Number of protein chains: 2
Amino acid sequence: MRISTRGEYGVRAMLDLALYSSDEPVPLSAIAARQDISEHYLEQLISALRKAGLVISFRGAQGGYQLAKPAEEITIGEIIRTLEGPIAPMKCVEGSHTDCTQSELCATRVLWQKLQASMEAVLETTTLAWLKDKAQKIQATAANQR
Amino acid sequence: MRISTRGEYGVRAMLDLALYSSDEPVPLSAIAARQDISEHYLEQLISALRKAGLVISFRGAQGGYQLAKPAEEITIGEIIRTLEGPIAPMKCVEGSHTDCTQSELCATRVLWQKLQASMEAVLETTTLAWLKDKAQKIQATAANQR
DNA sequence: CCAATTCCGAGGAACTTGGTCGGGATTGTT
DNA sequence: AACAATCCCGACCAAGTTCCTCGGAATTGG
């Protein structure tokens with residue numbers, strides 16, 4: 001019942017972009033170094049994020065990545081779904097499966113749907129901007145205590 | 001981000017017990033047959049449920065299993081936690097880890113805690129009795145339509 | 001005593017995870 | 001034009017997890 005490193009790294013990479021990108025694109029190596037993630041592995045993940053339209057890339061020297069949209073318009077759900085597949089605690093609540101052979105199975109299905117709905121509620125309403133704001137506030141607090 | 005068959009089968013087995021057990025204990029073979037689950041595999045799962053105090057067993061001929069408590073007092077969360085481990089979408093929100101090296105990690109941690117809380121809210125407030133009731137209502141509806 | 005049943009630990013095939021490796025394509029800089 | 005930085009792509013692989021199977025010992029009602 002865990003989100004794998006794909007989702008975790010993906011969210012961290014997107015947060016990194018939200019925090020550290022300016023006009024110039026951020027090269028993969030910088031994200032990987034800051035977030036302490038294998039560069040080659042992260043490449044696979046960010047490639048998926050690019051294909052999903054969440055980041056844009058610039059090739060060649062001085063190239064790198066940027067968010068494709070304002071952080072306010074990117075939800076954590078989009079990131080997770082891109083990297084981990086549908087947010088569904090059970091196969092039978094992916095898409096629109098209506099084929100339940102046993103009535104008991106249907107009863108459990110209602111349960112999984114409730115669970116899925118509550119997970120989606122959190123992930124689809126939390127934006128990257130919210131996460132960025134949280135991170136900056138934590139940084140500020142840490143700076144004050146110094 | 002899926003619950004594995006351990007959790008799925010476990011919930012179904014417990015629901016089966018809630019639905020079909022009377023005074024006499026229900027043998028594993030009956031549950032396995034009704035739920036179409038490998039008997040040997042289910043044995044491992046129900047053994048864990050027994051050690052967790054969710055079912056009680058009777059050995060020997062005419063033996064079998066029964067719920068250890070009324071269905072009202074058994075939550076789906078207990079079942080899932082027994083079979084799948086802590087309900088935590090990420091390692092860092094299991095138990096009380098307070099060691100965040102980077103502030104960005106702490107920001108994502110707040111996110112995972114929100115997600116965890118919403119999952120627990122569903123799983124800990126849903127009881128086996130609720131599920132049993134759902135299953136019986138679905139059965140009744142199906143019977144009427146015939 | 002016997003059949004039904006739970007209890008227990010070892011093993012194993014298939015899949016998933018979390019990467020590595022090597023090289024090609026593109027582009028700013030000199 | 002050359003070069004270095006960088007993205008892009010596909011193949012491969014080790015370790016772990018999942019989802020079982022198998023064989024047999026212990027217990028107990030009839």
Side-chain angles (χ1 to χ4, degrees), chain A residues 1-13 17 21 23-33 35-68 80 82-86 88-91, chain B residues 1-13 17 21 23-33 35-68 80 82-86 88-91:
Chain A
M1 203 44 188
R2 288 260 189 78
I3 287 177
S4 75
T5 56
R6 289 179 66 84
E8 181 193 350
Y9 292 175
V11 170
R12 278 166 56 194
L17 279 179
S21 90
D23 295 346
E24 284 126 37
V26 181
L28 189 68
S29 55
I31 308 178
Q35 299 296 324
D36 193 29
I37 298 174
S38 151
E39 198 173 327
H40 268 297
Y41 187 41
L42 187 55
E43 198 180 349
Q44 293 175 28
L45 308 184
I46 209 158
S47 167
L49 293 171
R50 179 178 53 83
K51 284 168 188 161
L54 297 179
V55 301
I56 49 177
S57 64
F58 300 89
R59 304 185 69 170
Q62 259 61 38
Y65 297 92
Q66 279 180 340
L67 297 181
I80 298 290
T82 302
L83 296 171
E84 305 250 338
M90 197 68 65
K91 259 170 301 182
Chain B
M1 203 44 189
R2 288 259 189 77
I3 288 178
S4 74
T5 56
R6 289 179 65 85
E8 183 193 349
Y9 293 174
V11 169
R12 279 166 56 193
L17 279 180
S21 89
D23 296 348
E24 283 128 36
V26 181
L28 189 67
S29 54
I31 308 178
Q35 299 296 324
D36 193 28
I37 298 173
S38 150
E39 197 172 330
H40 267 296
Y41 186 41
L42 187 55
E43 198 180 347
Q44 293 174 23
L45 308 183
I46 209 157
S47 167
L49 293 170
R50 179 177 53 83
K51 284 169 188 161
L54 296 180
V55 301
I56 49 177
S57 65
F58 300 89
R59 305 186 68 170
Q62 259 59 37
Y65 296 92
Q66 279 180 340
L67 297 181
I80 298 289
T82 302
L83 296 171
E84 305 250 339
M90 197 68 67
K91 259 170 300 181

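Since we're looking at a predicted model, the values are computed, not measured. Protein chains get the first letters and strands the later ones, always in sequence-line order, with residue 1 at the start of each.
- Between A/T5 and the phosphate of C/dG18, there is a side-chain N or O to OP1/OP2 separation shorter than 4.0 Å.
- Taking 4.5 Å as the limit, every side-chain heavy atom of A/V26 sits out of range of all side-chain heavy atoms of A/Y65.
- The C1' atoms of five pairs define one axis at each end of the helix from C/dC1-D/dG30 to C/dT30-D/dA1, and these two axes lie 10° apart (to 10°).
- Using a 4.5 Å heavy-atom cutoff, the side chains of A/M90 and B/E8 are in contact.
- Rounded to an integer number of Å, the gap from A/E8 CD to C/dG18 P is 9 Å.
- A donor-acceptor pair is defined here as one N or O able to donate and one able to accept, closer than 3.5 Å; such a pair exists between the side chain of B/Q66 and the backbone of B/D23.
- Across the protein-nucleic acid pair, A/I31 atom CD1 and D/dT6 atom C1' stand 12 Å apart, rounded to whole Å.
- For B/S4 and D/dC19, the shortest distance from a side-chain N or O to OP1 or OP2 is below 4.0 Å.
- Rounded to an integer number of Å, the gap from A/L42 CG to D/dC7 C1' is 12 Å.
- OP1 or OP2 of C/dC7 lies within a sub-4.0 Å distance of a side-chain N or O belonging to B/R50.
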Item to check | Under 4.0 Å protein heavy-atom contact, by nucleotide of nucleotides 20-30 of chain C - B base, S sugar-phosphate only | outcome: BBB-BBBBS--

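- Minimum interatomic distance between A/G53 and A/A68 (heavy atoms only, all atoms of both residues): O-CB, 3.4 Å.
- Separating the CD atom of B/E24 from the P atom of C/dA4 is a distance of 17 Å, rounded to the nearest angstrom.
- With hydrogens and angles disregarded, no donor-acceptor distance shorter than 3.5 Å links the side chain of A/S47 to the backbone of A/E43.
- For A/Y65 and B/R6, each mapped to the nucleotide of DNA chain D holding its nearest heavy atom, the one lying further toward the 5' end belongs to A/Y65.
- At least one donor-acceptor pair under 3.5 Å links the side chain of B/R12 to the backbone N or O of B/Q35.
- If you take CG of B/L83 and P of D/dC20, they are 14 Å apart, rounded to a whole angstrom.
- Across every non-hydrogen atom of A/L83 and A/L45, the tightest pair is CD2-O, 3.6 Å.
- A straight line from CD of B/Q35 to P of D/dC20 spans 14 Å, rounded to a whole angstrom.
- The side-chain heavy atoms of A/Y41 and A/T5, taken from C-beta on, include a pair separated by under 4.5 Å.
- As judged by a 4.0 angstrom heavy-atom cut-off over every strand, B/I46 is placed among residues making no nucleic acid contact.
- Following rounding to the nearest Å, A/E84 (CD) and C/dT16 (P) show an atom-to-atom distance of 13 Å.
- For D/dC7, neither phosphate oxygen OP1 nor OP2 lies less than 4.0 angstrom from any side-chain nitrogen or oxygen of A/S47.
- Between B/M1 and B/P89, the closest side-chain pair of non-hydrogen atoms falls below 4.5 Å.
- The CZ atom of A/F58 sits 16 Å away from the C1' atom of D/dC8 (whole-angstrom rounding).
- Put simply, the side chain of B/I3 reaches to within 4.5 Å of the side chain of B/E84, judged on heavy atoms.
- In this model, the phosphate group of C/dT17 is not approached by any side-chain N or O of B/R2 to a distance below 4.0 Å at OP1 or OP2.
- Distances shorter than 4.0 Å separate some side-chain N or O of B/Y9 from OP1 or OP2 on D/dC20.
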